[in-house]
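Let me begin by presenting the structure, written as structure tokens, before commenting on it.
Small disclaimer: the values here were computed from a predicted structure and weren't measured.
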Amino acid sequence: MKGKRNIGKRLLRNKGALFGLVVIGAAIVVAILAYFIAPDSSPDANRIIVEIGGRKPGLRQEFLLLKKQAPVEQVPFFHRLLYGQEDPFDYIPISGFSRQGDSLIVRKYVDDGVFERRAYPQATAHIAMKRFWLGTDKYGRDILSRLLIGVRVSLAVGMVTVLLSLSVGVLLGALAGYFRGRVDEIILWLVNVIWSIPTLLLVFAIMLVLGKGFWQVFVAIGLTLWVNVARIVRGQVLAVREREYVEAARALGYSHSRILFRHILPNVMAPVWVVAASNFASAIVIEAGLSFLGVGVQPPQPSWGLMIKENYNFIITHNPMLALAPGIAIMLLVLAFNLLGNGLRDVLNVRV
């Protein structure tokens with residue numbers, strides 16, 4: 001326990017690792033509370049207002065909020081936490097309004113510089129001013145809201161990928177290093193075959209088998225990043241399998257599974273945690289690339305890679321921030337995990 005505390009203190013003294021921990025911690029908080037802090041709390045932040053599509057950051061727009069004909073039920077707390085709350089209003093962009101008796105007279109936005117006057121009963125409508133801090137995409141959706149909710153995809157794909165890559169890589173690497181011989185040859189052959197296939201090509205092949213979808217992407221990425229874990233674990237197990245405590249365990253008649261999982265693996269996991277942080281960062285980049293290519297997370301679910309795909313045309317026109325914002329978010333989160341991995345490597349004094 002004391003050793004773990006010392007590792008934690010040394011990690012916090014590493015400025016790069018501390019920065020990474022702060023960014024990762026903030027991302028986790030945002031992912032959990034996304035629908036409560038996002039300006040657009042509708043499911044998937046998919047409030048489409050095509051009249052204001054492609055606007056620059058800082059846009060202030062006045063809206064007429066018109067109650068929907070079908071009443072919208074308030075969902076329970078945990079449902080909103082996970083999926084958001086459907087909008088009870090339709091959002092209609094306007095440019096000015098006045099009141100006459102029980103009616104609101106508004107200048108409804110039609111097109112650039114084109115407005116028409118309409119009257120709405122005050123009982124079913126009211127006026128609200130909204131600010132779009134990072135602008136709107138081509139569908140008029142709030143970029144900031146989709147950015148905040150999209151962090152869930154990046155963290156989820158990283159977590160699933162790390163769990164899968166560690167599960168498969170540690171198991172196969174441990175078996176190869178411990179039993180050696182024929183088992184080692186077969187596993188090394190598999191590692192070399194997987195390693196020789198480009199990552200994106202292998203992901204595409206796995207997705208052809210699993211199908212295209214949200215969880216299929218996570219599983220496909222996870223099944224491509226285990227080889228580095230297996231290679232490292234194999235080398236570590238080979239180095240310690242002849243140590244005195246392992247020989248003593250064999251002499252006492254312990255089973256292979258007990259020796260491997262209770263005596264060897266706990267002593268060789270330090271470099272695995274460093275690789276896990278690296279795999280987390282790699283998974284975020286791969287998922288963003290798949291979504292950009294259209295085979296990852298599917299609309300309308302927000303994903304940072306998908307947001308870049310939907311708005312990259314604006315880079316060479318008048319509003320590059322629509323594509324740069326998710327790109328910067330990807331860069332920061334990947335940098336955070338890489339810095340955390342570097343800090344773990346220095347603290348644990350490992351070579352990977």
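- At a threshold of 4.5 Å between non-hydrogen side-chain atoms, the residues Phe337 and Ile284 count as touching.
- No more than 12 heavy atoms of other residues, nucleotides or ligands sit less than 6.0 Å from atom CH2 of Trp133.
- Between Arg131 and Gly58, the shortest heavy-atom contact is NH1-O, 3.1 Å.
- Of the inter-residue distances, the one linking Tyr120 atom OH with Ile94 atom CD1 reads 9.5 Å to the nearest 0.5 angstrom.
- Both Trp195 and Val275 belong to a common hydrophobic cluster when Ile, Leu, Val, Met, Phe, Trp and Tyr are linked at side-chain heavy-atom distances under 4.5 angstrom.
- Looking at Asn319 and Arg55, their side chains never bring a donor and an acceptor atom within 3.5 Å of each other.
- Between Ala34 and Ile149, the closest heavy-atom pair is CB-CG1, 3.9 Å.
- The shortest distance between side-chain heavy atoms of Leu200 and Leu290 falls below 4.5 Å.
- The backbone N or O of His263 lies less than 3.5 Å from a partner atom in the side chain of Asn267, making a donor-acceptor pair.
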Quiz item: Would Phe179 and Asp184 satisfy side chain to side chain contact (heavy atoms under 4.5 Å, CB included), going step by step from the backbone distance to the final call?
Solution: CA-CA 7 Å; Phe179 289 106; Asp184 189 25; over 6 Å; no
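- Residues Leu332 and Val23 come closest through the heavy atom pair O-CG1, 4.1 Å.
- Cluster membership for Val168 and Met269, using ILVMFWY side-chain heavy atoms within less than 4.5 angstrom, is shared.
- More than 12 heavy-atom neighbours from other residues, nucleotides or ligands sit within 6.0 angstrom of CZ on Arg250.
- Residue Met321 holds its CE atom at 12.0 Å from CG of Asn311, rounded to the nearest 0.5 Å.
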Quiz item: Can you list the steps and then say if Arg180 with Glu242 is a salt bridge (Lys or Arg N to Asp or Glu O under 4.0 Å)?
Solution: CA-CA 12 Å; Arg180 297 189 297 186; Glu242 305 299 337; 3.7 Å; yes
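- Hydrophobic clustering (ILVMFWY, side-chain heavy atoms < 4.5 Å, transitive): Met129 and Leu144 are in distinct clusters.
- Interatomic distance, Ser167 OG to Leu223 CG, rounded to the nearest 0.5 Å: 10.5 Å.
- Between Pro88 and Val72, the closest heavy-atom pair is CA-CG2, 3.8 Å.
- Glu73 places no side-chain N or O within 3.5 Å of a backbone atom of Pro71 that could act as its donor or acceptor partner.
- Ile48 and Val297 are not part of a single hydrophobic cluster, where members link through side-chain heavy atoms under 4.5 Å apart.
- Cluster annotation: Ile37 is connected to Trp304 through the hydrophobic network of ILVMFWY side chains, with a link wherever side-chain heavy atoms come within less than 4.5 Å.
- For Ser291 (side chain) and Ala288 (main-chain N/O), no donor-acceptor pair under 3.5 Å exists by modelled atom type.
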Exercise. I would like to know whether Val334 and Phe280 meet side chain to side chain contact (heavy atoms under 4.5 Å, CB included); could you show each step before the answer?
Key: CA-CA 8 Å; Val334 170; Phe280 211 118; over 6 Å; no
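- Rounding to the nearest 0.5 Å gives a distance of 14.0 Å between NZ of Lys108 and CD1 of Ile105.
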Practice problem: For the pair Tyr178 and His256, evaluate side-chain hydrogen bond (donor to acceptor under 3.5 Å, both in side chains) and give the outcome as yes or no after the intermediate values. | Solution: CA-CA 9 Å; Tyr178 183 77; His256 292 309; 2.9 Å; yes
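- When all heavy atoms of Gly135 and Asp142 are compared, the closest pair comes out as O-OD1, 3.7 Å.
- Between Asp137 and Arg141 a salt bridge is recorded (basic side-chain N to carboxylate O distance below 4.0 Å).
- Checked against Asp40 for a side-chain contact (heavy atoms from CB on, under 4.5 Å), the options Arg47, Lys130, Arg146 give a single hit: Arg47.
- Between Phe77 atom CZ and Leu82 atom CG the span is 9.5 Å, to the nearest 0.5 Å.
- In the displayed structure, Tyr312 atom OH is contacted under 6.0 Å by at most 12 heavy atoms of other residues, nucleotides or ligands.
- With Leu260 as the fixed residue, the side-chain contact (heavy atoms from CB on, under 4.5 Å) test singles out one of Val246, Leu175, Leu171: Leu175.
- Remark: the backbone N or O of Gly96 is not paired with any side-chain donor or acceptor of Arg107 at under 3.5 angstrom.
- Trp273 places none of its side-chain heavy atoms less than 4.5 Å from the side chain of Val347.
- Here the shortest heavy-atom pairing between Gly16 and Leu339 reads O-CB, 3.4 Å.
- The pair Glu86-Lys68 meets the salt-bridge criterion, with a side-chain N (NZ, NE, NH1 or NH2) lying under 4.0 Å from an Asp/Glu carboxylate O.
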Quiz prompt | Arg234 and Ile187: CA distance, side-chain angles, deciding distance, side chain to side chain contact (heavy atoms under 4.5 Å, CB included) verdict | solution = CA-CA 10 Å; Arg234 172 186 175 272; Ile187 293 176; over 6 Å; no
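- Annotation: cation-pi geometry not satisfied between Arg243 and Tyr245 (NZ/CZ under 6.0 angstrom from ring centroid, within 45° of ring axis).
- Other residues, nucleotides and ligands contribute at most 12 non-hydrogen atoms within 6.0 Å of the OH atom of Tyr139.
- A side-chain donor-acceptor contact under 3.5 Å links Thr224 to the backbone of Ile221.
- Looking at heavy atoms from C-beta onward, Ile49 lies in side-chain contact with Phe63 at the 4.5 angstrom threshold.
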Distance-only check: which donor-acceptor pairs under 3.5 Å involve side-chain atoms of residues 154-166, not counting sequence neighbours?
residue	atom	partner	partner atom	Å
Thr161	OG1	Val157	O	2.6
Ser165	OG	Thr161	O	2.9
Ser165	OG	Val162	O	3.1
Ser165	OG	Asn279	ND2	3.4

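- Under the 3.5 Å distance criterion, the side-chain polar atoms of Asp44 are left unmatched by any main-chain donor or acceptor of Asn46.
- Using modelled atom types, one finds a donor on one side chain and an acceptor on the other under 3.5 Å when comparing Ser303 with Glu287.
- To the nearest 0.5 Å, atom CG of residue Leu104 and atom CG of residue Leu66 are 10.0 Å apart.
- With hydrogens and angles ignored, the 3.5 Å screen pairs a side-chain donor or acceptor of Thr136 with a backbone N or O of Ile52.
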